[in-house]
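Take a look at the structure below.
We count ligands from 1, going down the list as the structure has it; atoms in each ligand are counted the same way. The basis for the numbers below is simple: all heavy atoms, side chains too, and nothing from hydrogens, waters or symmetry mates. This structure is a prediction, so every number in the text was calculated from the model and none was measured.
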Amino acid sequence: MKEEIKACNNLLELIGNTPLVKLNRISAGLKGNFYAKVEAFNPGHSTKDRIALHIIEEAERKGILKPGDTIIETTSGNTGFSIAMVSVIKGYECILAVSSKSSKDKIDMLRAMGAKVFVCPANVSADDSRSYYSVAKRLHEEMKGSVYINQYFNELNVDAHYKTTGPEIWEQTNGKITHLIACSGTGGTISGTARFLKEMNPNIQILGVDAYGSVLKKYHETREFDSSEIYPYRIEGLGKNLIPTATDFDVIDQFMKVSDEESAHTARELAKVEGLFVGYTSGAAFQAAKQYSEEGVFNENSNVVLIFPDHGSRYMSKVFSDDWMSEQGFFDNVNLQAENHVEY
Ligand code: PMP
């Protein structure tokens, strides 16, 4: 008899269907049950694999893309990596216009995945012809058959989560989810997942996470853009200094702001206490859970699902570097270093 080879045809088949993991120890003392949707299990190690695959396959369905065509985006982060990965597998060129602020490691990682990286000056305004927005737009206009992912303003970003993340959580919790906690950047994850879950049960509470220095929470409460909310902060991928159309503010019940410092410590705590080596915004999501809990949002019967967007390995020179933590002043009130690091 012929032996069956148990292999997937390519990595794209492994996108989505990420596990839901119960948080047993870090949630001690909080009312309710807490579960993490661990998106680092995607082959590109983040939730952005879902949107890269969905947007590219929609373009194929519409006949916009054919082999050898080009996919363009403006990010050095998770989305860039996912687009580069999907492009390699499907045979497209990938161009990423990134800011000169991006770390060398990130740029090297994208180049390792075959992407062509255009490094554009960080210190120019978005409408300057040299900005990474302008460069991406120009390349897209000049290249027939190219696709510009444009994740902040692309409804297909939301649709990817409506079609995958939402149904997976509904099924994994057997419909027993009571609260969703998700960080908002483009807003695609929280909006798409929430839209599906609210359709299944409108009582599910959708709890957003925003950064201090970002406009999202204030906009949600007032529907006004308040530029005085904007100042620099360190968490990447969370919050925004503009209002993305990929965020559906109507399906979000409330937002909570979290600090850089507490989110960083919580990310480190997730590794030490749960063995979950996840990124900075996963720390932010659990930090928000603690704060929502302090406000009495949960009870003993709550089933809270948190989205953990990516893997800790992307933050080795930041949150998981003791030197970086010290430089930020994040160890000023804790003696973590002494506990952790013993020199003989
Ligand atoms: N966490 C990380 C690490 C991210 O890169 C992003 C995306 N910007 C988010 C959270 C937020 O996800 P979304 O863009 O879907 O709101």
Side-chain angles (χ1 to χ4, degrees), residues 16 18 36-40 42 44-55 73-83 96 98-99 102-103 106 109-110 149-166 169 180-196 206-211 214-217 219-220 233-249 251-252 255 258 260 263-264 266-267 270 277-288 306-316 318-320:
T18 52
K37 179 84 169 147
V38 188
E39 290 292 291
N42 281 298
H45 313 136
S46 90
T47 191
K48 295 295 181 179
D49 284 2
R50 297 176 188 269
I51 73 163
L53 181 64
H54 184 60
I55 296 173
E73 182 58 320
T74 52
T75 167
S76 63
N78 288 324
T79 306
F81 189 88
S82 296
I83 296 168
L96 301 168
V98 310
S99 142
S102 305
S103 74
K106 279 192 170 176
M109 196 160 77
L110 299 173
I149 300 281
N150 203 7
Q151 60 172 336
Y152 284 92
F153 301 97
N154 190 338
E155 187 58 28
L156 291 172
N157 171 2
V158 183
D159 199 43
H161 293 286
Y162 176 83
K163 292 211 165 86
T164 67
T165 320
I169 293 173
L180 175 78
I181 299 184
C183 291
S184 205
T186 66
T189 308
I190 192 166
S191 307
T193 309
R195 254 183 219 168
F196 180 86
I206 308 300
L207 308 175
V209 186
D210 190 19
S214 153
V215 295
L216 301 177
K217 180 174 192 289
Y219 184 82
H220 180 252
Y233 57 90
R234 298 179 187 86
I235 311 181
E236 296 161 63
L238 172 64
K240 211 51 210 168
N241 56 2
L242 51 79
I243 307 298
T245 58
T247 310
D248 180 354
F249 288 89
V251 291
I252 301 168
F255 269 106
V258 292
D260 288 337
S263 302
T266 304
L270 281 164
F277 193 49
V278 286
Y280 203 168
T281 53
S282 305
F286 198 78
Q287 178 57 34
L306 298 97
I307 309 277
F308 282 1
D310 69 353
H311 195 259
S313 57
R314 299 224 160 127
Y315 304 88
M316 289 312 297
K318 296 210 165 157
V319 177
F320 297 109

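- For atom 4 (C) of ligand 1, the choice among Ala160, Gly237, Gly80 with the nearest heavy atom turns out to be Gly237.
- Taking a 4.0 Å cut-off on heavy atoms, Ile190 fails to register as neighbouring ligand 1.
- Ligand 1 places these atoms under 4.0 Å from at least one heavy atom of Tyr315: 3 (C).
- Not a single heavy atom of Leu238 sits closer than 4.0 Å to an atom of ligand 1.
- Inter-residue side-chain proximity for Ile181 and Leu207 is flagged as met; some heavy-atom pair is nearer than 4.5 Å.
- The pair Lys318-Glu236 meets the salt-bridge criterion, with a side-chain N (NZ, NE, NH1 or NH2) lying under 4.0 Å from an Asp/Glu carboxylate O.
- For the pair Asn78 and Tyr315, the tightest heavy-atom approach, listed with the atom from each and the gap, is ND2-OH, 4.4 Å.
- Listed by number with element, the atoms of ligand 1 under 4.0 angstrom from any heavy atom of Gly187 are 13 (P), 14 (O), 16 (O).
- Residue contact annotation: Phe81 has no non-hydrogen atom under 4.0 Å from ligand 1.
- Scanning both residues, Thr281 and Gly237, for their nearest heavy atoms gives CG2-C, 4.4 Å.
- Both the backbone and the side chain of Thr189 come within 4.0 Å of ligand 1, counting heavy atoms alone.
- The closest side-chain heavy-atom distance from Pro244 to Leu216 is below 4.5 Å.
- The shortest contact between atom 5 (O) of ligand 1 and any protein heavy atom is with Asn78 ND2, 3.3 Å.
- In terms of the side chain to side chain contact (heavy atoms under 4.5 Å, CB included) criterion, residue partners of Asn154 (sequence neighbours excluded) are, by chain and number, Ile55, Leu156.
- Side chains of Phe249 and Ile243 form a contact here, defined as non-hydrogen atoms less than 4.5 Å apart.
- Distances from ligand 1 to the non-hydrogen atoms of Ser184 include at least one value under 4.0 Å.
- Here atom 13 (P) of ligand 1 lies nearest to Thr186 when heavy atoms of Thr47, Thr186, Asp310, Asn157 are compared.
- Looking at Pro309 next to ligand 1, no N or O pair under 3.5 Å apart turns up.
- Annotation: side chain of Phe81 is in contact with side chain of Leu110 (closest heavy-atom distance under 4.5 Å).
- For ligand 1, the polar-atom distance check finds an N/O of Thr281 within less than 3.5 Å of one of the ligand's N/O atoms.
- Residues Tyr152 and Asn157 form no side-chain contact, since every pair of their non-hydrogen atoms from C-beta on lies 4.5 Å or further apart.
- Distances from ligand 1 to the non-hydrogen atoms of Gly279 include no value under 4.0 Å.
- Contact annotation: the side chain of His161 never approaches that of Ile169 to less than 4.5 Å [non-hydrogen atoms, C-beta and beyond].
- Heavy-atom distances between Lys48 and ligand 1 reach below 4.0 Å in at least one pair.
- Each of the following atoms of ligand 1 lies closer than 4.0 Å to a heavy atom of Gly188: 15 (O), 16 (O).
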